[in-house]
Each structure stands twice: as C-alpha cells, then as structure tokens.
Amino acid sequence: MEHASIMNKKRRVSDQLLEALIYLCAFLAVGLLLGIIGYVFWRGFRTVNWSFLVTEQSPTKGIMGIAGNIVNTLYIVVLTLLAATPIGVGGAIYLNEYAKPGKFVSLVQFTIETLTGIPSIIFGLFGNVFFGKIFGYSMLTGALTLTIMVLPLIARNTQEALRTVPDSYRSGALGIGATKWYMIRTILLPSAMPGILTGVILAIGRIVGESAALLFTAGSGYYLPKGGMGLFRKLFESGGTMTIELYLQMAKGKYDVAFGIACVLLALVLLLNLLTKYLAGRLNVENRK
Amino acid sequence: GCGSNTKETTAAPTTAAPTTAAETTKETAAETEKTTEAAGAELSGSISMSGSTSMEKFGNALAESFMEKYPDVTVTVEFTGSSAGVEAALSGASDIGNSSRNLKDEEKSAGAVENIVAIDGIAVAVDPKNTVTDLTKDQLISIYTGEVKNWSDLGGENMPIVVVGREAGSGTRGAFEEILGIEDKCVYANELDSTGAVMAKVASTPGAIGYISLDAVDDSVIALKLEGVAPSAETIKSGEYFLSRPFVMATKGEISEQNELVKALFDYVYSEEGQELAASVGLITVK
Amino acid sequence: MAEKQSFSIKGNRKNKALVEHVAEAVFTVCALLAVVAVASITVYMIINGTPALFKVGIKEILFGTVWQPAAKDPSFGILYVILTSIVGTTAAVLIGAPVGILTAVFIEEIASPRLAAIVKPAVELLAGIPSVIYGLLGIYLLNPMMYKLEIALFADAPDHQFTGGANLISAVIVLAVMILPTVINVTVSALHAVPKQQKAASLAMGATRIQTIFKVLLPSARSGIAAAVVLGTGRAIGEAMAITLVSGSSVNMPLPFNSVRFLTTAIVAEMGYAAGLHRQVLFTIGLVLFVFIMFINISLTKILKGREDS
Amino acid sequence: MQDSKISVSGLNLFYGENHALKDINIKIHENTVMALIGPSGCGKSTFLKCLNRMNDLVDGVKVDGKVLLDGEDIYDPGVDTTLLRKKVGMVFQQPNPFPMSIYDNIAYGPRIHGIKNKSRLDEIVENALKGAAIFDEVKDRLKAPALGLSGGQQQRLCIARALAVEPEVLLMDEPTSALDPISTLKIEELMNDLKKRYTVVVVTHNMQQAARVSDETAFFLLGELVEADETMNIFGHPKDKRTEDYITGRFG
Amino acid sequence: MQDSKISVSGLNLFYGENHALKDINIKIHENTVMALIGPSGCGKSTFLKCLNRMNDLVDGVKVDGKVLLDGEDIYDPGVDTTLLRKKVGMVFQQPNPFPMSIYDNIAYGPRIHGIKNKSRLDEIVENALKGAAIFDEVKDRLKAPALGLSGGQQQRLCIARALAVEPEVLLMDEPTSALDPISTLKIEELMNDLKKRYTVVVVTHNMQQAARVSDETAFFLLGELVEADETMNIFGHPKDKRTEDYITGRFG
Ligand SMILES: Nc1ncnc2c1ncn2[C@@H]1O[C@H](COP(=O)(O)OP(=O)(O)OP(=O)(O)O)[C@@H](O)[C@H]1O
Ligand SMILES: Nc1ncnc2c1ncn2[C@@H]1O[C@H](COP(=O)(O)OP(=O)(O)OP(=O)(O)O)[C@@H](O)[C@H]1O
Ligand SMILES: [Mg+2]
Ligand SMILES: [Mg+2]
Ligand SMILES: O=P([O-])([O-])[O-]
C-alpha cells in the first residue's frame, strides 16, 4: 500500500487571503473603536476640571460648567426609574408568575419586544406632542417619555432573572402555606435582585446616552434647581442632560466643551459597565451554589 | 430685481410694530413697576420661553439678569427655532414663544400676540479666509438660488461655494428669503437647525456662506458688506443695511392676560435696564 | 391523641385573599401598562400619520420628490427621504456587518485568549457609548476630510453642489461605525453557541482553521448572525441625532456626495414648529419609519424563533 | 386501628386530557407512616399533591371527588389553602432550601403564619431542628447560608422547615432519592420518630425502604390504586397478582 | 504480525501541571482494530488525540516523545496537520454532523481537499455511505438535513464522513456510548468490516465490546499504559494484576 506523506506543508492562498481579511477587519474595527475612546479622552481631557463639573453655565458671563446638566441627568434618571422600575418589575412578575400562557401573554410579550425596537426619535415625537401638550418642555415630559422607552429593558431583565430562580423555591414556599405574594416578596424578588439591578443599570445607561427622545421633551435648560422648592419646581421646568448639552455644544461648534462632556459621559458609561459586570457575576454565583 | 419693494414691506412692520407694542406696554409697565418693586423679591416660580435660536444670546442674557433680580424665579429658554417657539406658545407648552421674524397672519389669527422687544440684523457670514468682502443683493440672490457656484464668479478665489441655510421653520430664514424675495427658491447644501450650527459650519468650511443673527457673529467668521454697507446698529437703524428683522417675544393673548411672572418679565424687558441689556448684546432697542 | 388540638382549614381567607387579589391586580395593571404604551404609540402614529396620506395623496407624499412644507404652495414629497433611509441604512450595514462579523470571528476564533479577554469587554463597553459621540466625531473629524475629498473629486464639475463634507457618505460611515459594537457582540455570542464538536469534527477531517471558520462555524451560527445584522439595521435606521448634522440635512437624492435627509432627521428638523397638515405629514414620516421598524422587528422575532425551533 | 386522618373517596384527576388518577378510594390513619409505591408515572406524586392541593398550581388540572381531612373536604371552596398547607406539610425529592440563612429557612413558615416574637421563633427553630435530627450539626452556624450544607443536611433542614409550622400531616415525595446511603438511613430513622406525632405519607421507589419504614403501603399502577393494606400484607401476601409481580421485580 | 502502522515511543503529555500521559510506548499494527480500555480519566481520549494532533487545539498542552506514522514523526515541525488529519480520521463520542444536508456532510472533506468535480463527489459520497453501511437508509434523501437522522444513523454518517477523505487510520472515541443497542451492533459490525482497509483505534468503556471487536487491546491506568497485547491474552491471561482486577470488575 502506497502511503501519502504528511511532511509536505502546503500554503493555501485562499486561506491566507481570508485570514488577512479577518485581521484587517479586526484591526480596523477594534482600532477604530479603541481609537474613538482614546481620542475622546485625549481631546476632552483638558476641558474637564473641577470647576467644569461644579459650576453652572452662564453664557453672559462666559462661564462654561455642566453642574446643571449633571443635576438634570441625575434628576431624570431618578424620576424615570421611579416610574419604570415598579412597572417593569411588576409586569415581569405578572408575566412569569401569574399569567397563564395565552393570547394576552403573547400580546404583552410582543409589545415588550416591539418597544425595544422603536427608535428614540419616535419616542421623542410621541412624547413631544402627547405629554408635551400638557407639561411643555419639562423634566416630567422627558421622564414620562423615557419611562416608556426603558420599560422593556427592565421588564426583560427581570423576566430573565425570575426564570433563573428554581421552581423548587416556589413550591417550597407555597408548600408550607405561604401565599403567592408573600412567596414573591420573600423568595423571588431577593433571588432575582441582581438581575433586576442589571436591568436598572442598563436603563440608566440608556437614559444617560439618550438624545433624540429628550431634546424634544425635557428640553435643554442648564440651571441648577433653586432650593428645596426648586427641586420640586424642576419637575415642570425644562432641563438638558449632559448628552443634550453635548449635542447642543457640538451643533454650535464648541468642540472643546463638547469633547469635555463626551469625556465625562464615557467615564460614566465605563462605570455603569463595570457595575453590570459585577452584578452579573453575583447572579451567577448565586446560581452555582 | 424685486429687492427694493421688499425692503419697504419689511421695514414697515419693523418700525411700526415696536411703536405700538411699546405704547401698549408703556402703561402696563408703569403700573406694574410699582407692584414688582413692592412684591419683587417675593416673586417665585418658573417661566418657560422657547423659539428662535438667533435670540440665544439675548434670551440667555435676559434669563440670567432676570433671575439675578428675582432669585426665586427660574427662566428656562429652549432654542428650537422661531416657528417652533410660536407653536409652543400657542399650544401652551411655553409661556413665551421667541421669534426672530414678524408673526405670520395665521399665527396672529390663532391668538399669538406680537411683542417686539428689539431689532436685529441678519449677517451674511463667510469663513475668515474668504477674500470676498462685499456682495450686491443680486449676487447674494444668485448664490442662494444656485446660479453662481464658485467664488471666482464673484471676484474671489477659485473655490466652490457651500450654501448653508436654516431649516424651514427658522425666523432668520423666513426674514432672509422674504427680504430677498426668494422664498422657496433657495438651493441649500446644508439646512441646519440653529444659528450656532450655521456659524460653526461656515467657520469650519472654506468657501461656505451662511446667514446668521448679527448679534451672534464672533470672530470665527466674517460678516460681509452688502451693497458696500457693513452691518451695524447704525446702518440698520438708518436702513442702509437692508437685512434686518424684529425680535419678537410672542404670547398667547395680550401681555396683560399673562400671569404675574410673565408680566414681570415683560416689564423688565421694556424697562430701561432691559433695553440696555438688549443693546449690550448688540441689538437695536425699540424704546 | 385526641388532646392534640386540630384546627379547621376553613376561615379567615377573606383578608388574605384581598391582599393576594390586590397584588395580582397591580401586576396585571403593570403588564397592561406596557401594552397600553405600545398601543398608544402605535395608534397615535397611525391616527396622526394616515390623514395626511389622504389629504395630500398617497402618491404625492410617498413618490413626490419636492419637499417644501412651509412654502405658500406647500409640497410634501418624501420619496428622497425614504430612499435616503433605505440607501443609507443598507450601505451602513453592508460596510458594518462584514467588518463586525469578521471582527467577531477574530475575537472568538483567532485571537489568543488573553487578547480576546481585553478586546471583548472593550467592544461591549462601546455598545453603551451615546450615539451623539459618534456624531461629534463625524462632524469634527469626518466632515472636513470628506470636504477635501469632495473638492478633489468635483474640481471640474461646475454643476455639483458643494456640501462642505456633510453628505451621505459621512452619515453612512458614522452609522457603520455605530452599529459595529452591536454586530460584533451578538455575533460573538452566536459563534460561542456553536457546539465545539462541530469545530473538532471539521479540523479532524483535515480542514484548516480558516476553512473550518468559513465552512462550518459561520454557517452554523447563521441565524445568530442574521439576528446581529437585523439588530444593527434597526439601530442604523432609527438613529437620528448622530447624523442630523453630519448628513447636511437637505432633502436630496441619496447620492454619495449629496447632502441628504433621513426619515429620522426629517422628524428632528421640523418637529418643533410643524403645525396642521405639515405636522400630520411628519407623523406620516414617523409612520413610514415605524413600518420599517416593525418589519425589522418581526423578521428578528422570526429569526430567533427559528433558532429556538432547530 | 386508629381514626382515619385522611379519607379519600372517588378521587379522579385529569391533566388536560390525561386521566392521571382514576377513582381513588383510600383511608390514611393518624400517626402512621403510609408508603406509596408503583412504577414511574403511575401517579404517586400526583396523588400526594392532591392531599395539600399543590396541584392547584398546575395549569389545566381538574380534580373531582372528595378528600376529607379531619372530616373537612379540602376541595371545598371555603378552604383556605394556606391553612391547609400549614396543616399538611410537604417535603420534596430535591432538597430545596431557600437562599437565606439556616435560621431564616426554618423561621420562614412561622413568620408567614404571623409569629414575630424573637424568643418564640428561637424556640420553634430549635425544636424543629431537633425534630429533624439536625440540630447538633448546625447549632453553631444558624446564621450561615443554608445552601452551604451537604445534600443530606439540606434535606433534613427541609424537613425541619416543614415541622416548624407544626403540621399534622407530612407528605414526602421520594425524600431520600437524591441522597447518599448514610443520609438516607438518618432520614428513615427520622420517619420512624415522626410518626409518633405526625401522620406521614411517603412516596418511594425503593421497595426495601417502603418495607422498612411504613405501617401501611398503597400500590399504584397506571393511575389506579391497585391495593392498599398493612405493609406486612402487601409484601407478604399481596391480594392482587399485579402487586405481587411488581414487588417481585417482574416489571417497573 | 503485520507492520506497525503507528509506533509510539516515550510519549509524555502535560495539561499544564497535570501529567496526563506517562512514558507511553506502543505499536499499532496495520489493518487491525486496537481497543483502548481503562477507567474514566486514565488518559484514553488524550492518547487517541495524540495520534492526529487534535491536542494541538487545547491551550497549555505540552507533548514530548515520538509518534511515528509510516515512519514519519507526526510531531515534526515540518508536518502539515491537515495532511496528517486527512490520513488519520476521527469519529467522536457524540455524533456531530454539520447542520447541512447529508450529501454536503460527506462531501465536506473531499471539497476541503480540493475535489470539485460533481460526478467524482457523487461517487465518493456513495462509496463512503456504503462503507459506513448507511447508504440504503439515506439514498433517497441525500439532500435532507443530516440533523434529521436518528442518533445511530448520525453516528454512521459521521463515520462515512470520516471515510470520505480516504484515511488510512481511523480513531474512534467511544463511538457507541451514546447509542441504543441495535445501532451499537451495526457499528460493531462495521468496525469488523473497516479493518480490512483501515487501521482502527477505538476507545471503549464496554469490556464486552472490546473483546468482540478488537484484535489487540491496550489497558491504561492513571496515565500509564499498563499492558497492551492481543485481545485474547488481555482478557484471557492478563500479565498485570491491575489489568486482571479491572477486567474482572474489581474497580473502575
Ligand atoms: N404537570 C403535569 N402536567 C401534565 N401531566 C402531568 C404533570 N405531572 C404529571 N403528569 C402526568 O401524570 C402522570 C402521573 O405522574 P406522576 O408524576 O404522578 O407519576 P409518579 O408516579 O410520581 O412517577 P415518578 O415515580 O416518575 O415520580 C404521568 O403520566 C405524568 O406524565
Ligand atoms: N482539555 C483538558 N485540559 C486539562 N486537563 C484535561 C483536559 N482533557 C483531559 N484532561 C485531564 O486529563 C486526564 C485524562 O483525561 P482523558 O479525557 O484522556 O480521560 P479518558 O480516559 O478519556 O476518560 P473518559 O473515560 O472519562 O473519557 C484527566 O485527568 C482529565 O482531567
Ligand atoms: Mg413522582
Ligand atoms: Mg474520554
Ligand atoms: O431665529 P431662528 O432660529 O428662528 O432662525
């Protein structure tokens, strides 16, 4: 029997071309993306200093600071989550724990999927005419609009988290006479908490980065609220988040300021990202035990 | 060729309106001046304005100085374009709609009241390196209608013209096209939605031309002379510089029908202090 | 054993039942709210978007090419706007998807574990970057470069309208870069889900690593990759603020060096001031966008369902 | 023989179309251990779950017939299932402690039923852990997470958790099948102990276990109750041919 | 005895710190079936993968020693692993057809190695399917997806797929452990058939199977090759005490 030798190392041109292509694309994509981060930090770094972060903008005095925008960002995040978290978590609990499979459940599931895909400019258009008619350009208009937008994010993550809670916990609790709501409160929600928090953080990321849906609902004010009443009044006043201010400064060609804000935003996104990673880890460990 | 009549038609309201507005508000100003002085410090709440991006400088200055005077009041200003402002005032989304043009008849019949607070010029800006410094009205028209596409045809370098304009709802655009008689005939290469965006684009693009509020012009761009006249408060007042329009703070219903805060704001605008403020940002006062 | 006190199992169930019923009702309402939200958006879009179609005429709107909504004799043709969104999104996906997919291949199959452990989280991080930042870089870096290119290319074309670099290509590039993280992340998980034995089987037959990637791994992961591309498409077609300035925002034919307006940027540009019929037409634009998105969503659901089934 | 604690008559159960329990009639006596045996899928678990209405949680279940507990029909609309389940506790095949401390696991049930007093809870926890023969092993780490215990300890913890609500009947579905032989032995001893105070019903696949721990045995086949009698009789002189075949390993 | 097709000498393999194969010396003869047996974790799979360098794919593996295939050292830097693996085919424990049609599964290998001609491919596919004794069952649905076949058919498909590249050696890692008895029988018959043309090395956990199908058997324990000899000798008169203990079921 004639044996083929294995010592004849061949070079396949097509393989090498394709491999080169993969390297090229990876280099391009990763280089580009890392370049973006690097460039933004490098370009924005000099603008960011303590007074940039803690002073209020005053165009007449020529002072540029984003304190008002930072407060607005926090304000709208809190306001939106206050509305979206209970609704999102509640809806997920309904879907996972109460609903019997059927038309209604598939309808809710479908609408949640759909909400995920709707572009933010549509939310902006809708919020502008729907809530804006009543509340004008205000934090409230913005928060109500964003509530609808981030609802699916929280609902889906909660659903995922509830799914990972073993059924044996449920029957265990019910088997000793717990009512369903008691069981949900004491067993399910604590077990699903890291997942819920992950959803909440993703929602924060989305709110922080949002522009189209906010510019036409919450507007672009940059003042700090004045005192305790001011904080309440803020509800009905316009306020721009950092991302909105970034957009406006960039439109005006004030690139130094724009990159400065971009730099702060990137840092924030990085932080939120690390937080999600940490929580995801927690969720896994719980399951492994 | 139709430029000369438009000059008159726009000039008429700009001069007529302020007088009426000033008259009507004179009494209200006089009578509320006392009340505001008495109750002044106690005013609290918020006022929302939105509209003209040309009025950004004025609007911000007004808001800031008003808030300095009344520390417990917040004035927020959105810069969304003139038509958007009037629309917001009409729908109640804002207390005041800023407009950098006269109100249209439809807007007036829908209940908007035209309160002219200042007069502003429209500067035609080019990037600082452009060698052309002066255009005739006809040259300007031919640029914006797309007949002339290179600066060399206008005595400049061989450089393409990048025609930058504003979105359809802009007051600046409305006034500009109306004065030049080229409504709906312009061929824009960029339709940007704020004064700042136009200026930024012009500043960063060799060969670009754009129209912006005169008070917004800074040294990143050059404001062209038109028919040999440089834009300034004097030339606009005298009518030599033909591109000008009013700054309007439109309300739904008369000022007297507005809430205390809004009334106080208008009192302030029409007060000496307020008009000084307008002058300080490069506007022509109406009082 | 009679001394043991046995209690009845009937009794104070009313109170408890009340709490239970309230809880269930609250959760049901929460779920209903989600439905109401979507329903109201959908219904609102349709109610506000369809009248203009009939007032202006379906043909005049969808196939008209003149967009002069504020003119004395207004004209509401959005054909160029629709085409721009289609052409722009398609081009962005045609550029972004292959690069993204091959990058995912690199991360999952080619890169050493140590390199992959750096690159993968970096790309995940990038998915969270606000899209205006991409727009900022587009306007600050890309537009000036495009203008140089434009001047060089059209030096002898007297009829060309110069845009200063704010054109379709700039917008497409911004979109392509913006969807990269999405495409990469989803493709990486799709590749990761391919059973390891398939890779082993191919290699054991004497296939090279590259052959294995292109002949086995990518085909096996195709439904996941399709989902990645569809998600990227959805993101690209829905983006507004990042490209409104970069694209120049004039209504024109979607040619590479034309300044163009997308469905999204058309809404951004005129939402504030549109009233009456003009506003209704904006809702029509929104409706067209909505239809595109629904189409994309439904195909995504189909793809994901198909994957579950197989 | 004692009173019958539970008396089932004409019980039928359907999972949708599937007739899973067919006309079951049986009496379970107080303070005895009853074993349920039969091949996989014959309905043992289903029957067990009928006794504390855990089947209510399954969609599309239809139950028909009477289950009397101390003379009260547990399927009566007036029944409060939480009270029922307090009275009829359950232990599952897989140990399923909650992701909380050992103490909180045991105190979970009493707290549900309104006991808040700390020293009262401490007492209950201690008694329950003693009752499930695990107190000595965990008494020093009551605050430690329950998931850190071994499988056998977890199962006894679950039994303790069931005991803490002071049930009168204890249902156990293959409580030892996931455990090693030593843990199994401990739990079998425990059952013997428990029957002094509780009525125990236990499902098992292990014939020897049934013979060892139970006083009475019921043999199920294809949803039918073939035979229920004293354990000695079932394993000694079964009346039904099918029971004999099953016990001698001819099928199942 | 025939020539030795494969000759292994002084083979050591480390997974990082873990010394998984310890100084293995063995000869595998042409056109025979060699069975590898031994308790779980003893290194059977690892050894098998050394023979076609599939271990290259695992990170942190260090191989040391000589594996000669037809006199050529397969760990020589000049070796083209694709040629090596074409020559030394492999079948895995879990059937792993590609998610494509039956035809494309079989044609996959030939196409990789440059065969494009349609009629030539048809012929190869038919021969391979016949060689794996599955042709009759699938000949009418070659375009159907391979994942639609039963487990046993999938495994024979995988064997056919390996045969299609015309290997000289066939490595099989527990090829029947995931299969039902009837499919197992078919594959055992197939092995007997295959050895006429191929050298077969098969890992099995099933002692009876080793005895039935193999000519020679190698017994591994804790990474060491304890004994390799004709199958009759291994099962009849093992030389090593440990082999005897294992074969008689005393451990493993
Ligand atoms: N939730 C359910 N939905 C539908 N059918 C079910 C359900 N649970 C059990 N069944 C069916 O009811 C019958 C009896 O099941 P059951 O679990 O009671 O058997 P079993 O005797 O406990 O078996 P095993 O010994 O395997 O636990 C089976 O045919 C089973 O398929
Ligand atoms: N990829 C790997 N990385 C690290 N160690 C490994 C790897 N694969 C196997 N091992 C270790 O090498 C030793 C031999 O494993 P191998 O899989 O060869 O055993 P085996 O005899 O095939 O066992 P089985 O009968 O269970 O398949 C084991 O200790 C195993 O843990
Ligand atoms: Mg069972
Ligand atoms: Mg193995
Ligand atoms: O002042 P405008 O922004 O409307 O041009």
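The analysis underlying the following values was restricted to heavy atoms, covering all of them including side chains, and did not include hydrogens, waters or symmetry mates. Every value quoted in this text rests on a predicted model; they were computed, and no experiment measured them. Residue numbers begin at 1 in each chain, while the letters A, B, ... track the order of the sequences.
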Answer whether the closest heavy-atom distance between the side chains of Ile210(C) and Ile22(A) falls below 4.5 Å.
yes
Do the side chains of Val129(A) and Tyr44(C) get nearer than 4.5 Å, heavy atoms only?
yes
Just give me the residue among [options] that pairs up with chain C most often, heavy atom to heavy atom, under 4.5 Å.
options: Phe126(A), Tyr182(A), Phe123(A); answer: Phe126(A)
options: Leu33(A), Leu151(A), Leu28(A); answer: Leu33(A)
options: Ala92(A), Ser211(A), Gly205(A); answer: Ser211(A)
options: Val30(A), Ile112(A), Leu215(A), Val108(A); answer: Val108(A)

Which bit of [X] comes within less than 4.5 Å of chain A, counting heavy atoms only: side chain, backbone, both or neither?
X: Leu141(C); result: side chain
X: Ser40(C); result: both
X: Ile184(C); result: side chain
X: Ile41(C); result: both
X: Leu136(C); result: both
X: Val26(C); result: neither
X: Ile293(C); result: side chain
X: Glu109(C); result: neither
X: Arg209(C); result: side chain

With a 4.5 angstrom heavy-atom cut-off, is it the side chain or the backbone of [X] that approaches chain C, or both, or neither?
X: Ile37(A); answer: side chain
X: Glu113(A); answer: backbone
X: Phe110(A); answer: side chain
X: Pro152(A); answer: neither
X: Ile87(A); answer: both
X: Ile118(A); answer: both
X: Arg43(A); answer: side chain

Counting distance only, does the side-chain N/O of [X] pair as donor-acceptor with the main-chain N or O of [Y] below 3.5 Å?
X: Ser85(C); Y: Leu263(C); answer: yes
X: Thr244(C); Y: Met241(C); answer: no
X: Thr243(A); Y: Val208(A); answer: yes
X: Ser120(A); Y: Ala213(A); answer: no
X: Asn128(A); Y: Phe216(A); answer: yes
X: Lys180(A); Y: Ala23(C); answer: no
X: Asn157(A); Y: Leu153(A); answer: yes
X: Ser249(C); Y: Leu245(C); answer: no
X: Ser220(A); Y: Gly240(A); answer: no
X: Thr111(A); Y: Leu107(A); answer: yes

Distance (rounded to the nearest 0.5 Å) between [X] [atom1] and [Y] [atom2]:
X: Leu115(C); Y: Ile110(C); atom1: CG; atom2: CD1; result: 11.5 Å
X: Leu18(A); Y: Gln16(A); atom1: CG; atom2: CD; result: 10.5 Å
X: Leu142(C); Y: Tyr134(C); atom1: CG; atom2: OH; result: 14.0 Å

Inter-chain contacts: residues 269-277 of chain A against chain C, heavy atoms under 4.5 Å
Val269(A), Leu270(A), Asn273(A), Lys277(A)
Under a 4.5 Å cutoff for heavy-atom pairs, which residue among [options] has the most contacts with chain A?
options: Asn48(C), Ile129(C), Ile298(C), Ile107(C); answer: Ile129(C)
options: Ile133(C), Ile237(C), Thr265(C); answer: Ile133(C)
options: Phe283(C), Phe106(C), Tyr140(C); answer: Tyr140(C)
options: Val132(C), Thr42(C), Leu126(C); answer: Leu126(C)
options: Val105(C), Ile101(C), Val123(C), Val177(C); answer: Val177(C)

Side chains of Glu124(C) and Asn185(C): donor-acceptor distance under 3.5 Å anywhere?
no
Between Ala218(A) and Ile76(A), what is the shortest heavy-atom contact and its length?
CB-CD1, 3.9 Å
Quick one: do Leu289(C) and Met45(C) satisfy side chain to side chain contact (heavy atoms under 4.5 Å, CB included)? Show the steps, please.
CA-CA 10 Å; Leu289(C) 182 59; Met45(C) 296 306 298; over 6 Å; no
